[in-house]
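Data first, discussion second: the structure below is written as structure tokens.
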Amino acid sequence: MLTFVGLGLYDVKDITVKGLEAIRAADAVFAEFYTSPLGGKTVEKMEEVYGKQIVMLERSDIEEHAEEMLLKRAKHQNVVLLSGGDAMIATTHIDLRLRAIDMGIETRIIHAPSISSAVAGICGLQNYKFGKSATVSPPYKEVISEVPYDTIRANKERRLHTLLYLDLPMSINDALRLLEAVEDRRGGELLKKSVLVGIARAGSDKPVVKADYLAALKNYDFGELPHVLVVPGELHFLEQKALIKIAQAPD
């Protein structure tokens, strides 16, 4: 059996009881953190708390060498794959599960909190008003991807909020400067006139949630990673109050 276990938002305590039971019953436990950052976790701390040796995997191990690394073993043993957040947010894991099914391997998913489900409650926005999400990545060969900006614009036209994941190890400040560069090149003011919300270390004891306009937010010190960014669409009056009280948004 191959069991996918989500580790939750931030530290080693975010795992579910069911997930912990699966780890302790496993013959082998693997983990990857290229799809989601470690946050407040370390491999050493996880091994101490979970009581099991953990083998760390690289992206290529799952995408190119999964059969020899995981799947052959899962045909005869209980194998667990750990990842941050929820186990099935990453498309890489969906592909791995389908390959396991093709090989006749039983699969199981043990879910856990993820930023995609927690972000609404963290900043006080309404979950059903989020549209398509996107990832802000570093420039490739000095070219900045315009997909996140186009996603924001499309959601704004539908009055919907946008959750922007940030590629590792990108900060909110870096992401805002990239988005601003795209907007400046296009001559628009979509972001400059919007209140934006930065969230750092969701799930920790002291997460940072700060809402402000681009000019102020891009210089705000959010501290250590992981970070995500939210671009609100049309705000209900309760959402406005929430951003003011929870995220110190300007009136």
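We count residues from 1, following the sequence as given. Fair warning: this is a prediction, and the values are worked out from it, not measured in the lab.
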State whether the side chain of [X] and the backbone N or O of [Y] hold a donor-acceptor pair below 3.5 Å, judged by distance alone.
X    : Y    : value
Y220 : I172 : no
E63  : T92  : no
S117 : P113 : no
D61  : E58  : yes
Q77  : A28  : no
N173 : K218 : yes
K75  : M103 : yes
N155 : K132 : yes
R201 : E224 : yes

Is V119 close to L125 at the side-chain level, that is, under 4.5 Å between some pair of heavy atoms?
-> no
*asked:* Measuring only between side-chain heavy atoms, which start at C-beta, is L164 closer than 4.5 Å to L179?
replied: yes
Taken in chain and number order and not counting sequence neighbours, the residues that satisfy ring-ring contact (aromatic ring centres under 6.0 Å, His included) with Y213 are none
Residues at least two apart in sequence or cross-chain that pass side chain to side chain donor-acceptor pair (under 3.5 Å) with Q248, listed by chain then number, are none
The complete set of ring-ring contact (aromatic ring centres under 6.0 Å, His included) pairs with one or both residues in residues 76-129, sequence neighbours excluded, reads none
ring-ring contact (aromatic ring centres under 6.0 Å, His included) pairs touching residues 5-46, sequence neighbours excluded, are none
Supply the atom-to-atom distance [X] [atom1] to [Y] [atom2], rounded to the nearest 0.5 angstrom.
X    : Y   : atom1 : atom2 : result
I109 : D86 : CD1   : CG    : 8.0 Å
L7   : D14 : CG    : CG    : 9.0 Å
I54  : L81 : CD1   : CG    : 11.0 Å
I101 : L2  : CD1   : CG    : 10.0 Å
K52  : M46 : NZ    : CE    : 15.0 Å
L82  : I15 : CG    : CD1   : 6.5 Å

Taken in chain and number order and not counting sequence neighbours, the residues that satisfy salt bridge (charged side-chain N to carboxylate O under 4.0 Å, His left out) with E47 are none
Q) For E68, does the CD atom sit with more than 12 other heavy atoms under 6.0 Å from it, leaving out its own atoms? A) yes
Item to complete: Starting from the C-alpha separation in whole Å, work towards a yes-or-no answer on side-chain contact (heavy atoms from CB on, under 4.5 Å) for D27 and M1.
Response: CA-CA 10 Å; D27 297 304; M1 175 183 284; over 6 Å; no
Q) Salt bridge check: are D205 and K13 linked by an N-O gap of less than 4.0 Å? A) no
Whether R99 and D102 form a salt bridge (side-chain N of Lys/Arg under 4.0 Å from carboxylate O of Asp/Glu) is what I want to check. no
Handout entry: Verdict with supporting geometry, L196 and L176, side-chain contact (heavy atoms from CB on, under 4.5 Å)
Key = CA-CA 10 Å; L196 313 173; L176 288 173; 3.6 Å; yes
Between S116 and S114, do the side chains contain a donor N or O and an acceptor N or O under 3.5 Å apart?
yes
Run Y149 and I144 through side-chain contact (heavy atoms from CB on, under 4.5 Å) and show every step you take. CA-CA 10 Å; Y149 189 86; I144 301 173; over 6 Å; no
Side-chain donor-acceptor pairs under 3.5 Å in residues 232-243, sequence neighbours left out?
unit_1	atom_1	unit_2	atom_2	d
H236	ND1	L238	N	3.0
E239	OE1	K129	NZ	2.6
E239	OE1	H236	N	2.8
E239	OE2	Q126	N	2.9
E239	OE2	H161	NE2	2.8

